[in-house]
Protein chains: 2
Amino acid sequence: MLYAVFMSSAPPPFPKPQEPLEPPELIEVGPALSEPCLRADAARNRARLLEAAARLIAEHGVAGVTMEAVAAAARVGKGTVFRRFGDRTGLLMALLDHSDKQLQADFMGGPPPLGPGAPPLDRLRAFGVAVLYRSAERLDLLLAAQPDPDRRFSHPAVAALRTHVVMLLRQIVPDGDCELLARTLLASLDPALIHHLTRQCGMPLERLEAGWTDLVARVTGTDAPAADSTHRG
Amino acid sequence: MLYAVFMSSAPPPFPKPQEPLEPPELIEVGPALSEPCLRADAARNRARLLEAAARLIAEHGVAGVTMEAVAAAARVGKGTVFRRFGDRTGLLMALLDHSDKQLQADFMGGPPPLGPGAPPLDRLRAFGVAVLYRSAERLDLLLAAQPDPDRRFSHPAVAALRTHVVMLLRQIVPDGDCELLARTLLASLDPALIHHLTRQCGMPLERLEAGWTDLVARVTGTDAPAADSTHRG
DNA sequence: ACCCTAAGCGGACCGTGGTCCAGTTTTCTT
DNA sequence: AAGAAAACTGGACCACGGTCCGCTTAGGGT
């Protein structure tokens with residue numbers, strides 16, 4: 001199966017920061033030939049930067065991830081950080097890249113009910129729960145990495161989630177506006193909302209999980225299944 | 001009817017910027033006794049600042065609203081702007097205040113189907129449509145004013161919307177998790193999402209309107225009404 | 001009318017995100 | 001192997017959001 005994905009993590013080459021947004025390229029997901037052949041030293045510096053950023057997060061939290069601090073910790077000039085990642089958001093998203101890919105692999109090729117093999121409805125339920133728990137884990141980073149409205153929904157990882165949900169919805173409610181419905185469903189899994197509900201309202205994740213299940217049932221016009229909490233497909 | 005509302009637009013008195021978030025006060029909505037008796041000169045400067053900000057927006061768009069620029073345009077020191085509005089987000093939200101109040105008044109005391117008098121389901125439908133169109137109008141400002149995740153959902157205007165939706169939902173689906181459901185529904189009206197759908201995907205507002213109507217029908221388990229587009233109740 | 005005090009004021013100051021460009025290093029070509 | 005083009009580098013530089021603190025002023029009490 002093919003999915004629309006950007007040539008991930010290769011931001012504008014700096015002199016041209018405002019390119020009109022390259023069209024997404026259809027590539028087979030899996031082998032990460034995403035790296036457009038970085039020059040040897042550049043690749044080395046990239047790795048050092050990511051490692052440095054991760055260390056800074058571990059030590060001082062996301063707020064400690066200053067572009068200058070990262071540059072210094074990686075023994076690299078500040079300009080290099082920006083050239084590689086575009087901006088702070090880009091750096092933070094690169095940090096999330098692995099976990100993004102993992103989730104993607106899980107629902108695209110992993111075992112049911114998340115992966116193929118289970119009925120679409122079950123997959124959709126499992127999908128939401130998986131996103132929920134994964135978001136809760138990486139919440140700080142996800143919130144800090146929240147890009148400006150323009151990029152928020154065009155980020156490849158987000159686009160992949162959307163495509164997947166659209167595909168499932170088409171099988172479940174073929175005569176609905178699946179594009180729109182998918183975005184609505186995904187909006188209810190927004191990290192900022194999860195943050196609000198869990199940390200500000202004190203709702204336990206289980207309640208959100210039940211909420212997702214219920215929402216899916218209502219939206220698809222099916223019955224909610226008996227409550228079972230087999231998350232983390 | 002009572003609603004939870006903050007003492008609007010009176011940000012921390014600067015020396016104490018990190019107060020632990022005052023508890024919301026229950027006041028009757030309507031007469032804006034919100035202003036805690038600003039000193040005369042302060043009130044005058046506040047007005048001048050808002051006017052200056054509005055002018056800057058008209059001339060250079062939201063991006064032109066720099067704290068320094070606003071201060072200069074209002075012939076006032078930079079510190080004054082921050083003392084009055086807390087931060088840039090606060091200033092921008094103050095600019096939205098009037099439109100917030102208007103919407104609130106409409107669904108709380110205006111004519112049906114938005115206001116009281118119509119069946120809850122009709123009110124809910126009208127509510128979404130009203131929010132949709134009002135958001136589309138002020139979209140730039142709404143996006144720019146997007147506060148950090150911590151304040152995003154505790155802002156009085158947002159809280160008022162939520163309270164209203166919860167109230168309606170309790171009447172329509174009394175045995176659902178209305179708190180959660182309300183937030184889910186509101187998430188689908190998020191300005192960032194509206195921006196994405198209309199400006200990036202090119203969906204017309206009418207489609208979003210239909211999407212809302214459909215969503216409400218699915219969530220409440222009722223039939224969608226015949227398509228009519230009487231928006232701006 | 002005067003004074004006293006809290007509120008308000010303003011602009012110097014700081015840290016951070018982001019840009020620029022002159023110089024360096026790598027890799028391709030022949 | 002040598003030369004040229006492309007890519008990368010680093011740090012000086014800028015703009016903006018946000019803070020601080022000594023000075024000014026409004027306005028109530030006497």
Side-chain angles (χ1 to χ4, degrees), chain A residues 9-19 35-49 52-53 56 60-94 144-148 151, chain B residues 9-19 35-49 52-53 56 60-94 144-148 151:
Chain A
S9 309
F14 222 32
K16 275 286 178 198
Q18 291 304 32
E19 282 174 2
E35 314 299 292
C37 255
L38 231 44
R39 226 170 71 173
D41 55 343
R44 180 181 47 94
N45 280 347
R46 181 178 200 277
R48 277 167 54 172
L49 283 168
L56 281 178
H60 309 106
V62 176
V65 181
T66 282
M67 296 307 257
E68 294 206 43
V70 173
R75 310 304 222 74
V76 139
K78 192 174 161 186
T80 305
V81 191
F82 282 95
R83 159 169 288 269
R84 190 57 48 214
F85 299 102
D87 57 10
R88 199 179 110 104
T89 293
L91 171 60
L92 261 16
M93 291 195 314
Q146 193 94 287
D148 55 293
R151 279 183 297 168
Chain B
S9 308
F14 221 30
K16 273 288 176 197
Q18 291 303 32
E19 283 174 2
E35 312 300 292
C37 254
L38 231 45
R39 222 169 73 171
D41 53 344
R44 181 182 47 97
N45 280 346
R46 181 177 199 276
R48 276 166 55 170
L49 283 167
L56 282 178
H60 309 105
V62 177
V65 181
T66 282
M67 296 307 257
E68 294 205 46
V70 173
R75 310 304 222 76
V76 139
K78 193 174 161 186
T80 305
V81 192
F82 283 94
R83 160 170 287 269
R84 191 56 50 214
F85 298 102
D87 58 11
R88 200 179 109 105
T89 293
L91 172 59
L92 262 16
M93 290 195 314
Q146 193 93 288
D148 55 293
R151 279 182 297 168

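So you know, we letter chains A, B, ... as the sequences are listed, proteins then strands, and number each from 1. Being a predicted model, the structure only gives us computed values, none of them experimental.
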Fill in the blank from the handout: With sequence neighbours left out, the residues meeting side-chain contact (heavy atoms from CB on, under 4.5 Å) with B/Arg48 are B/Arg44, B/Asn45, B/Ala74, B/Arg75

Problem - Closest listed nucleotide, where the reference is the side chain of A/Arg88 and the choices are C/dG8, D/dT19, C/dG18 - result: C/dG18

Handout entry: Contact under 4.0 Å: B/Arg84 side-chain N or O vs C/dC9 OP1/OP2
Key = yes

Polar atom pairs between nucleotides 13-15 of chain C and protein, under 3.5 Å, N or O only, would you list them?
none

Fill in the blank from the handout: Here the distance between atom C1' of D/dA12 and atom CE of A/Met67, to the nearest Å, is 17 Å

Exercise for the section: Go through the structure and list residues passing side-chain contact (heavy atoms from CB on, under 4.5 Å) with B/Ala69, not counting sequence neighbours. Expected result: B/Leu56, B/Thr66

Fill in the blank from the handout: Atom CZ of A/Arg46 and atom P of D/dT9 are separated, to the nearest Å, by 12 Å

Practice task
Please check the phosphate of D/dG10 (OP1 and OP2 only) for any side-chain N or O of A/Thr80 closer than 4.0 Å.
Solution key: yes

Handout entry: Nucleotide C/dG8, atom C1' - distance to CZ of B/Arg75 in whole Å
Key = 19 Å

Completion exercise
One should read off an interatomic distance between B/Met67 CE and B/Phe85 CZ, to the nearest 0.5 angstrom, of 8.5 Å

Problem - Atom pair distance, as rounded to whole Å: CG in A/Asn45 and P in D/dG11 - result: 13 Å

Handout entry: Atom-pair distance (CG on B/Leu49; C1' on C/dC9), nearest Å
Key = 12 Å

Exercise for the section: If a protein heavy atom is under 4.0 Å from the base, mark B; if only from the sugar-phosphate, S; if neither, -; do that for nucleotides 25-30 of chain D going 5' to 3'. Expected result: BSS---

Completion exercise
Tightest non-hydrogen contact, residues A/Val81 and A/Ala71, listed as CG2-CB, 3.6 Å

Practice task
Can you tell me the distance, in whole Å, between the CG atom of B/Asp87 and the C1' atom of D/dT19?
Solution key: 13 Å

Handout entry: Test side-chain contact (heavy atoms from CB on, under 4.5 Å) applied to B/Ala144 - qualifying residues, sequence neighbours left out
Key = B/Val62, B/Arg88, B/Leu92

Handout entry: Qualifying residues under side chain to side chain donor-acceptor pair (under 3.5 Å), relative to A/Arg151, sequence neighbours excluded
Key = A/Asp87, A/Asp148

Problem - Rounded distance in Å - CZ (B/Phe82) to C1' (C/dG11) - result: 13 Å

Completion exercise
To the nearest angstrom, the CZ-C1' distance between A/Arg48 and D/dG10 comes to 13 Å

